[in-house]
Amino acid sequence: MIAIIDYGVGNLFSLKSSLAAIGREAVVTGDRAVLRAASHVILPGVGAFAAAMDHLRRRGLVDALTRHVLQGGKPYLGICLGMQILARDSDEGGQAQG
């Protein structure tokens, strides 16, 4: 199962529909337990870096993504802003750590 991370930004349901069209099961979620159980993680996003990191922090997803993706090696696809937040920091939308 592929976890599509819902943190308040991105076109989540068209992404889920696209995956279904190629026969892949996907769940749109902001639940850390679902993220842990997923075989793959997709993080789509639009907007500014600082705001996205704030959304992820408020939902408790930064630690979960760090643990399962960066440290655990779970396959990850960041789309647009979802890839940019892997950077150490950015000044887009104000100074923020990735």
Side-chain angles (χ1 to χ4, degrees):
M1 176 263 303
I2 299 170
I4 301 170
I5 304 300
D6 180 4
Y7 61 110
V9 298
N11 193 346
L12 308 173
F13 294 99
S14 70
L15 178 55
K16 183 179 180 190
S17 297
S18 296
L19 290 166
I22 61 169
R24 297 303 306 255
E25 177 190 3
V27 172
V28 174
T29 185
D31 186 318
R32 293 180 301 272
V34 174
L35 172 63
R36 183 180 343 106
S39 61
H40 297 73
V41 175
I42 299 177
L43 185 64
V46 295
F49 188 104
M53 289 305 299
D54 184 53
H55 285 295
L56 287 168
R57 270 191 207 87
R58 283 190 278 135
R59 289 169 171 79
L61 293 170
V62 172
D63 290 337
L65 286 166
T66 299
R67 185 172 40 258
H68 300 298
V69 174
L70 295 177
Q71 295 169 347
K74 190 170 295 224
Y76 174 87
L77 173 63
I79 300 173
C80 196
L81 185 58
M83 183 58 80
Q84 294 172 27
I85 64 167
L86 292 178
R88 291 180 194 253
D89 58 50
S90 175
D91 59 3
E92 178 186 38
Q95 188 64 34
Q97 290 186 332

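These numbers come from a predicted model, not from an experiment. We count residues from 1, following the sequence as given.
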Inset, instruction - Applying side-chain contact (heavy atoms from CB on, under 4.5 Å), run through V41 and H68 and close with a yes or a no. - result: CA-CA 9 Å; V41 175; H68 300 298; 5.9 Å; no
Inset, instruction - Show the numbers, then the answer: is there a side-chain contact (heavy atoms from CB on, under 4.5 Å) between L19 and I42? - result: CA-CA 11 Å; L19 290 166; I42 299 177; 3.8 Å; yes
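- Without hydrogens or angle criteria, K74 side chain to A38 main chain gives a donor-acceptor distance under 3.5 Å.
- By the criterion of side-chain heavy atoms lying less than 4.5 angstrom apart, applied directly or through intervening Ile, Leu, Val, Met, Phe, Trp or Tyr residues, L86 is grouped together with F49 in one hydrophobic cluster.
- Summarising the geometry, atom CG belonging to L43 is positioned 9.5 Å from atom CE belonging to M83; distances are rounded to the nearest 0.5 Å.
- Listed for the S39 side chain is a donor-acceptor partner under 3.5 Å among the backbone atoms of M1.
- Neither F13 nor V27 shares a network with the other; the hydrophobic side chains, linked directly or stepwise wherever heavy atoms of I, L, V, M, F, W or Y lie under 4.5 Å apart, form separate groups for each.
- Atom CZ of residue R67 and atom CG of residue L61 lie 10.5 Å apart, to the nearest 0.5 angstrom.
- The backbone N or O of L56 lies less than 3.5 Å from no partner atom in the side chain of D54, so there is not a single donor-acceptor pair.
- Remark: Q97 CD to S90 OG distance equals 11.5 Å, nearest 0.5 Å.
- Atom CZ of R24 and atom CD1 of I2 lie 4.0 Å apart (nearest 0.5 Å).
- Side chain of Y7 to backbone of R57: no donor-acceptor contact under 3.5 angstrom is found.
- The two residues G93 and A50 come nearest to each other via the heavy atoms O-CB, 3.3 Å.
- In this structure, the side chain of R32 engages the main chain of R59 through a donor-acceptor pair within 3.5 Å.
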Legend entry - side-chain contact (heavy atoms from CB on, under 4.5 Å) evaluation trace for I79 with L15: CA-CA 10 Å; I79 300 173; L15 178 55; 4.1 Å; yes
Inset, instruction - Go through the steps for L65 and L35 under the test side-chain contact (heavy atoms from CB on, under 4.5 Å), then give the verdict. - result: CA-CA 8 Å; L65 286 166; L35 172 63; 4.1 Å; yes
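- Put simply, CZ on R58 and CE on M53 are 12.0 Å apart, with the number rounded to the nearest 0.5 Å.
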